[in-house]
Amino acid sequence: MAAIHGTAHHSDGSKIDGSATVSTSWNGNKAYPRAGHYRLELGGNPRQKVTVYVDGKTYTVIHVDGDTCVNVQL
């Protein structure tokens, strides 16, 4: 099973704490950063490019093959 995980901060450096939603094009799972960290379980290993969304907007496109780190800054 793979996951996308990382830190989540505002542009001023403050930690995001429940005020954002991280999701992907892979499935409908969502993560809600707490104390500046999040982990989004994918329920499988995509082994392909996956779009990462923050609050419904495209944040990045990454290749996922196992646990992958994506640090979010808004």
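- You'll find the side chain of V72 reaches within 4.5 Å of the side chain of Y59, heavy atoms only.
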*Decide side-chain contact (heavy atoms from CB on, under 4.5 Å) for V22 and I4; before the verdict, give the C-alpha distance in whole Å, the side-chain angles of both, and the deciding distance to 0.1 Å.*
CA-CA 9 Å; V22 180; I4 296 174; 5.6 Å; no

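- Between the CG atom in L74 and the CD1 atom in I16 there is a gap of 4.0 Å [rounded to 0.5 Å].
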Residues 43-57, side-chain donor-acceptor partners within the protein, below 3.5 Å, at least two apart:
unit_1, atom_1, unit_2, atom_2, d
N45, OD1, G66, N, 2.9
N45, ND2, D65, OD1, 2.9
D55, OD1, T21, N, 2.9

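- For residues 17-41, the pairs satisfying salt bridge (Lys or Arg N to Asp or Glu O under 4.0 Å) are R39-E41, R39-D67, with sequence neighbours left out.
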What side-chain donor-acceptor pairs closer than 3.5 Å can you find for residues 5-12, not counting sequence neighbours?
unit_1, atom_1, unit_2, atom_2, d
T7, OG1, N71, OD1, 3.0
D12, OD1, S14, N, 2.9
D12, OD1, S14, OG, 2.7

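- When hydrophobic side chains of Ile, Leu, Val, Met, Phe, Trp and Tyr are connected at separations under 4.5 Å, M1 ends up as a singleton with no cluster partners.
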